[in-house]
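Encoded as structure tokens, the structure appears first; notes follow it.
Computed from a predicted model, the values in this text were never measured in an experiment. Every heavy atom of this structure was used, including side-chain atoms; hydrogens, water molecules and symmetry mates were not.
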Amino acid sequence: MPAIALNHYNLRAPRALLLQLKEFYCEVIGLEAGARPPFDNFGFWLYAGDQAVLHLSEARADDIRHTDTATTFDHVAFSCVDPEQMEACLQAHALPYQVAFVPSMQQKQIFLRDPAGNGVELNFAHVS
């Protein structure tokens, strides 16, 4: 029974940071807030097309995230379109980013960090 696709990932944070994350992923990355079941906690489901790819959940007051824990998480990657428009958006928001090219795949990559410091990779196919 193999996995067949990535369904979503979840970020849990205090409400103030959660609102910053929602704004970043909607305003900058281009996800859209959409339907979310009526869970007991505050949060959002952010969609890429018809798929809720990012769940944002409010952390409880006693929910401690250990930042001193070694982790292997590096970044999440999104398939995107219109790299020029994305770079203009990043510049308008004064967000630092790095650009890379994968010539063998004709792919442009943009790397940046979200408001919580998580790595984000944006992939643009068929760019020369």
Side-chain angles (χ1 to χ4, degrees):
M1 289 190 229
I4 59 170
L6 177 65
N7 186 276
H8 72 276
Y9 71 108
N10 184 82
L11 299 177
R12 185 176 302 276
R15 187 171 295 207
L17 179 54
L18 202 67
L19 294 172
Q20 291 176 359
L21 290 166
K22 178 184 179 276
E23 180 179 343
F24 171 83
Y25 282 100
C26 290
E27 303 277 325
V28 176
I29 304 303
L31 300 180
E32 294 185 10
R36 178 180 185 259
F39 296 122
D40 290 339
N41 68 331
F42 179 79
F44 305 97
W45 279 13
L46 305 184
Y47 288 74
D50 294 334
Q51 179 68 39
V53 296
L54 173 54
H55 296 179
L56 298 175
S57 304
E58 183 175 29
R60 296 180 309 273
D62 63 347
D63 189 7
I64 299 170
R65 298 287 175 210
H66 296 281
T67 58
D68 61 338
T69 302
T71 179
T72 58
F73 179 80
D74 185 67
H75 66 273
V76 61
F78 294 98
S79 296
C80 300
V81 296
D82 201 341
E84 293 82 14
Q85 182 181 9
M86 179 58 74
E87 285 196 70
C89 178
L90 296 175
Q91 292 166 6
H93 284 86
L95 293 169
Y97 64 94
Q98 295 80 43
V99 175
F101 293 93
V102 183
S104 63
M105 298 175 66
Q106 294 182 313
Q107 181 173 306
K108 181 176 187 172
Q109 300 172 311
I110 297 177
F111 297 92
L112 66 154
R113 299 237 171 241
D114 72 14
N118 299 305
V120 176
E121 176 183 328
L122 308 175
N123 289 297
F124 303 86
H126 310 293
V127 176
S128 52

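The line from OG of Ser57 to CG of Asn41 is 5.0 Å long, rounded to the nearest 0.5 Å. Here CG of Leu31 is found 8.5 Å from OH of Tyr25. Values are rounded to the nearest 0.5 Å.
Met105 and Leu122 are assigned to two separate hydrophobic clusters, defined by single-linkage of ILVMFWY side chains at heavy-atom distances under 4.5 Å. Taken together through direct or relayed side-chain contacts under 4.5 Å among Ile, Leu, Val, Met, Phe, Trp and Tyr, Phe101 and Tyr97 form part of one hydrophobic cluster.
Glu58 is linked by a side chain to side chain contact (heavy atoms under 4.5 Å, CB included) to Arg15, Leu18, Phe42, counting only residues two or more places apart in sequence or in another chain. Partners of Ala77 according to the side chain to side chain contact (heavy atoms under 4.5 Å, CB included) rule, which considers only residues two or more places apart in sequence or in another chain, are His75, Glu121, Asn123. Under the side chain to side chain contact (heavy atoms under 4.5 Å, CB included) criterion, Pro83 pairs with Lys108, Phe124, Val127, sequence neighbours left out. Residues forming a side chain to side chain contact (heavy atoms under 4.5 Å, CB included) with Glu27 (at least two apart in sequence, or on another chain): Glu23, His93. The side-chain hydrogen bond (donor to acceptor under 3.5 Å, both in side chains) check on Asp82 picks up nothing, with sequence neighbours excluded.
Heavy atoms only, all atoms of each residue included: Glu87 and Ile110 are closest at CG-CD1, 3.6 Å. Heavy atoms only, all atoms of each residue included: Leu46 and Cys26 are closest at CD2-SG, 3.8 Å. Here the closest non-hydrogen pair linking Ala59 and Pro14 is CB-N, 4.0 Å. Here the closest non-hydrogen pair linking Ile29 and Met86 is O-CE, 3.9 Å.
Trp45 belongs to a hydrophobic cluster with Phe39, Tyr47, counting contacts under 4.5 Å between side-chain heavy atoms of Ile, Leu, Val, Met, Phe, Trp and Tyr, direct or through other members.
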Could you go through Phe78 and Val53, starting from their C-alpha distance and side-chain angles, then the distance that decides it, and tell me whether this counts as side chain to side chain contact (heavy atoms under 4.5 Å, CB included)? CA-CA 10 Å; Phe78 294 98; Val53 296; 4.1 Å; yes
CA sep, side-chain torsions, deciding dist, call: Leu112, Phe24, side chain to side chain contact (heavy atoms under 4.5 Å, CB included): CA-CA 11 Å; Leu112 66 154; Phe24 171 83; 3.6 Å; yes
Please test Gln109 against Val102 for side chain to side chain contact (heavy atoms under 4.5 Å, CB included), starting from the C-alpha separation and ending with a verdict. CA-CA 8 Å; Gln109 300 172 311; Val102 183; 3.6 Å; yes
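Side-chain atoms of Gln51 come within 3.5 Å of backbone N or O of Asn7 as a donor-acceptor pair.
Each of Leu17, Asn118, Val76 was scored for a side chain to side chain contact (heavy atoms under 4.5 Å, CB included) with Leu11, with one residue passing: Asn118. Of the options Leu90, Val120, Asp114, a side chain to side chain contact (heavy atoms under 4.5 Å, CB included) to Leu95 is made by Leu90 and by none of the others.
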